Amino acid sequence: MLDGDGYQTLVAGATYDFLAIVHGRMAVGDGGCLILRDETGPGAVVVWPPGTTILDDGRVGVHVPEVGAIVVGDRVEGGGGYFEAPLTEDEPPGHLPPMPGECGPAGAPLAVLQDVTRHNDG
């Protein structure tokens with residue numbers, strides 16, 4: 001878990017070979033957690049690739065290695081997968097970090113990104 005100024009996000013501890021295409025526009029969801037939202041649903045809590053850090057320049061977003069800054073409003077896509085959130089610290093499956101309860105209930109959607117492309121088209 002990474003904590004920014006008024007927001008938080010998850011980072012994976014390892015890379016995986018997930019084959020789904022993950023996409024959406026980055027926003028701040030429940031509990032100040034970063035989510036990807038598309039036109040079809042309420043949004044999924046983002047799990048960023050290893051090495052991702054919080055921006056330290058006052059913007060709400062992250063810095064992804066080899067991609068750069070991704071901020072609220074940017075359109076994001078990449079390889080990864082969609083999963084249901086594990087129970088918080090009590091019972092995370094081995095491939096997902098525990099999700100804080102304030103980000104959503106167990107079973108909430110998670111968007112796990114292993115590679116990322118950013119589109120800052122407003």
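For clarity, every value in this text was computed on a predicted model and none was experimentally measured. Hydrogens, waters and symmetry mates play no part in the numbers below; they use all other heavy atoms, side chains included.
Under the 4.5 Å side-chain criterion, counting only non-hydrogen atoms from C-beta, V46 is not in contact with L10. Put simply, the side chain of V76 reaches to within 4.5 Å of the side chain of I70, judged on heavy atoms. At least one side-chain heavy atom of Q8 sits under 4.5 Å from a side-chain heavy atom of P100. When side chains are defined from C-beta on, V64 counts as touching V62, because their heavy atoms get closer than 4.5 Å. Side-chain contact check for I35 versus M26: every heavy-atom pair is 4.5 Å or farther apart.
Under the salt bridge (charged side-chain N to carboxylate O under 4.0 Å, His left out) criterion, D3 pairs with no residue at all, not counting sequence neighbours. By the side-chain contact (heavy atoms from CB on, under 4.5 Å) test, D56 pairs with no residue at all, sequence neighbours left out. Under the side-chain hydrogen bond (donor to acceptor under 3.5 Å, both in side chains) criterion, D38 pairs with T40, sequence neighbours left out. By the side-chain hydrogen bond (donor to acceptor under 3.5 Å, both in side chains) test, R37 is found to be paired with no residue, residues two or more places apart in sequence or in another chain being considered. Among residues two or more places apart in sequence or in another chain, the side-chain contact (heavy atoms from CB on, under 4.5 Å) test is passed with A111 by V22, L36, A44, Y82.
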Go through L110 and E84 one step at a time and tell me if the side-chain contact (heavy atoms from CB on, under 4.5 Å) criterion holds. CA-CA 6 Å; L110 285 178; E84 289 185 357; over 6 Å; no
Steps toward side-chain contact (heavy atoms from CB on, under 4.5 Å) verdict (V72, V28): CA-CA 7 Å; V72 167; V28 178; 3.8 Å; yes
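Note that NE2 of H23 is 11.0 Å distant from NE2 of H119, once rounded to the nearest 0.5 Å. Considering CG of D74 and OG1 of T117, their distance stands at 12.0 Å, rounded to 0.5 Å. For the atom pair CG of L113 and CH2 of W48, the computed distance is 6.0 Å after rounding to the nearest 0.5 Å. A distance of 7.0 Å separates CG in L2 from OG1 in T9, rounded to the nearest 0.5 Å. How far OH of Y7 is from CG of L55: 5.0 Å, rounded to the nearest 0.5 Å. With values rounded to the nearest 0.5 angstrom, D5 atom CG is found 14.0 Å from R59 atom CZ.
None of I54, T53, T52 except one satisfies the side-chain contact (heavy atoms from CB on, under 4.5 Å) rule with V11; the exception is T52.
The closest donor-acceptor contact from the side chain of R118 to the backbone of R75 lies at 3.5 Å or more, if one exists at all.
Evaluation of the disulfide bond (SG atoms under 2.5 Å apart) test over residues 30-84, restricted to residues two or more places apart or in two chains, returns C33-C103.
Of all heavy-atom pairs spanning A20 and G81, the tightest one is CB-CA, 3.9 Å. When all heavy atoms are compared, the tightest approach of G43 to P109 is O-CG, 3.3 Å.
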